[in-house]
Amino acid sequence: MEQTFIMIKPDGVQRGLVGEIISRFEKKGFTLKGLKFITVDRPFAEKHYADLSAKPFFNGLVEYIISGPVVAMVWEGKHVVTTGRKIIGATNPAESAPGTIRGDYAIDIGRNVIHGSDAVESAQKEIALWFPEGIAEWQSSLHPWIY
Ligand code: RTP
């Protein structure tokens with residue numbers, strides 16, 4: 001079953017959006033497989049965003065991610081990577097549709113509340129980075145109704 005890595009960024013935590021965001025993924029029918037509340041250091045944040053290291057906003061992005069605790073999660077389900085990105089909305093909240101998390105709760109691209117893996121391969125890399133200890137195995141009893 002497909003898995004994705006979802007992170008509620010420091011602004012999402014500080015604005016009290018943790019419950020709302022988790023609720024949206026739960027109500028969709030995805031299964032929560034891993035969750036940790038963690039403040040990461042600069043080298044870790046730079047590793048997570050290594051693909052963006054040449055971008056002019058890279059330093060500001062790293063400062064933002066290390067500015068407070070984040071909620072790191074693994075969610076599982078059919079097409080969860082692409083559907084998760086749809087639930088999250090476009091990167092720039094000015095272009096995120098209403099009804100998406102960023103469309104409903106964010107204004108600025110530099111404070112866009114949440115991260116979601118953009119592909120199955122990057123999800124696997126990000127899950128390995130954030131959950132090196134592995135994640136617990138369990139199956140939600142809801143699955144027979146959803147699939
Ligand atoms: P994320 O990785 O956080 O889910 O975001 P994304 O795939 O939708 O967007 P990506 O292009 O990978 O950018 C990662 C994060 O960098 C910040 N950003 N700032 N100031 C800017 O122009 C700018 N552009 C991107 C955002 O926080 C974005 O989510």
Side-chain angles (χ1 to χ4, degrees), residues 1-140:
M1 188 62 84
E2 190 170 300
Q3 294 183 335
T4 194
F5 173 70
I6 300 290
M7 171 184 43
I8 304 174
K9 296 176 176 177
D11 53 332
V13 172
Q14 287 162 29
R15 291 175 54 203
L17 296 172
V18 171
E20 171 66 26
I21 289 170
I22 289 177
S23 185
R24 288 187 180 208
F25 280 85
E26 278 188 325
K27 286 174 185 166
K28 177 68 177 172
F30 293 133
T31 304
L32 182 61
K33 286 285 180 147
L35 182 148
K36 61 170 79 161
F37 189 62
I38 178 175
T39 305
V40 297
D41 62 15
R42 184 178 301 275
F44 188 94
E46 287 177 349
K47 201 167 179 189
H48 172 77
Y49 279 122
D51 291 351
L52 301 175
S53 61
K55 300 281 185 189
F57 57 80
F58 180 70
N59 279 337
L61 174 60
V62 169
E63 286 291 339
Y64 162 43
I65 295 304
I66 68 175
S67 68
V70 302
V71 177
M73 296 179 281
V74 178
W75 286 89
E76 185 175 278
K78 194 174 180 183
H79 307 313
V80 69
V81 172
T82 46
T83 305
R85 296 275 290 187
K86 285 181 188 160
I87 291 170
I88 288 170
T91 304
N92 187 348
E95 288 154 20
S96 323
T100 65
I101 291 168
R102 288 171 176 156
D104 287 349
Y105 301 120
I107 292 173
D108 194 284
I109 191 167
R111 293 290 182 274
N112 62 358
V113 172
I114 184 166
H115 161 84
S117 306
D118 61 5
V120 171
E121 196 185 39
S122 46
Q124 287 165 354
K125 268 194 222 162
E126 291 170 1
I127 291 167
L129 176 67
W130 287 80
F131 292 86
E133 68 279 17
I135 52 173
E137 274 306 318
W138 75 289
Q139 287 303 321
S140 165

Rounded to the nearest 0.5 Å, what's the gap from CD1 on Ile21 to CD1 on Ile8? Could you check? 4.5 Å

Is it the case that more than 12 heavy atoms not belonging to Asp108 sit under 6.0 Å from its CG atom? yes

Using a strict cut-off of less than 4.0 Å between a Lys/Arg side-chain nitrogen and an Asp/Glu carboxylate oxygen, indicate whether Asp41 and Lys47 qualify as a salt bridge. no

Given Asp11 and Leu17, is the side chain to side chain contact (heavy atoms under 4.5 Å, CB included) satisfied, shown in steps? CA-CA 9 Å; Asp11 53 332; Leu17 296 172; over 6 Å; no

Flag the pair Phe58 / Glu46 as yes when at least one side-chain heavy-atom distance between them is below 4.5 Å, and no otherwise. yes

Is it true that Trp75 and Phe30 have ring centroids separated by less than 6.0 Å? no

Applying ring pair (Phe, Tyr, Trp, His ring centres under 6.0 Å) to Phe44 and not counting sequence neighbours gives Trp130

Atom CD of residue position Glu121 - does it have more than 12 heavy atoms of other residues, nucleotides or ligands inside 6.0 Å? no

Closest heavy-atom pair, Thr100 versus Ala97, reported as atoms and distance to 0.1 Å, is OG1-O, 2.6 Å

Between Thr4 and Val81 (side chain of the first, backbone of the second, donor and acceptor by atom type, cut-off under 3.5 Å), is there such a pair? no

Kindly determine whether His48 and Ile65 satisfy side chain to side chain contact (heavy atoms under 4.5 Å, CB included), including the steps that lead there. CA-CA 10 Å; His48 172 77; Ile65 295 304; 5.9 Å; no

Walk me through whether Asn59 and Leu61 qualify under side chain to side chain contact (heavy atoms under 4.5 Å, CB included). CA-CA 5 Å; Asn59 279 337; Leu61 174 60; over 6 Å; no

Sub-3.5 Å donor-acceptor pair from the side chain of Glu95 to the main-chain atoms of Ala90, do we have one? no

For Pro10 and Ser67 the tightest heavy-atom approach is CB-OG, 3.6 Å

Is there side-chain contact between Lys33 and Glu137, with at least one heavy-atom pair below 4.5 Å? yes

Heavy atoms, side chains only, cut-off 4.5 Å: are Val71 and Met7 in contact? no

Are the side chains of Ile101 and Val113 in contact, using a 4.5 Å heavy-atom criterion? yes

How many angstroms lie between NZ in Lys9 and NE2 in His115, if you round to the nearest 0.5 Å? 7.5 Å

Heavy-atom closest contact (Ser96 atom, Gly103 atom, distance): CB-N, 3.4 Å

For residues Pro132 and Lys36, report the shortest heavy-atom separation together with the two atoms involved. CD-NZ, 4.4 Å

Taking side chain as C-beta onward, heavy atoms only, is Ile135 less than 4.5 Å from Gln3? yes

Between Arg102 and Ile88, is there a donor-acceptor pair closer than 3.5 Å when you use the side chain of the first and the backbone of the second? no

Kindly indicate whether the side chain of Phe5, heavy atoms from C-beta on, has any atom under 4.5 Å from the side chain of Gln124. no

For Tyr105, is the NZ or CZ atom of Arg15 found under 6.0 angstrom from the centre of its six-membered ring and inside 45 degrees of the ring axis? no

I need the Arg24 CZ to Ile87 CD1 distance, nearest 0.5 Å. 9.0 Å

Decide whether Ser117 and Glu126 meet the rule of one side-chain donor and one side-chain acceptor closer than 3.5 Å. yes

Asp104 (side chain) donor-acceptor with Pro98 (main chain) under 3.5 angstrom: no

Closest heavy-atom pair, Asn112 versus Tyr64, reported as atoms and distance to 0.1 Å, is N-OH, 3.3 Å

Exceeds 12 heavy-atom contacts within 6.0 angstrom, atom CD1 of Ile107: no

Heavy-atom closest contact (Gly116 atom, Arg85 atom, distance): O-NH1, 3.0 Å

Check: Ala119 main-chain N/O paired with Ser122 side-chain donor or acceptor under 3.5 Å: yes

Salt-bridge contact Arg42-Glu63 (side-chain N to carboxylate O under 4.0 Å): yes

Side-chain touch Thr39/Val70, heavy atoms, less than 4.5 angstrom: no

Distance check, rounded to the nearest 0.5 Å: His79 atom NE2 versus Met1 atom CE? 10.0 Å

Full working for side chain to side chain contact (heavy atoms under 4.5 Å, CB included) between Met73 and Leu32: CA-CA 7 Å; Met73 296 179 281; Leu32 182 61; 4.2 Å; yes

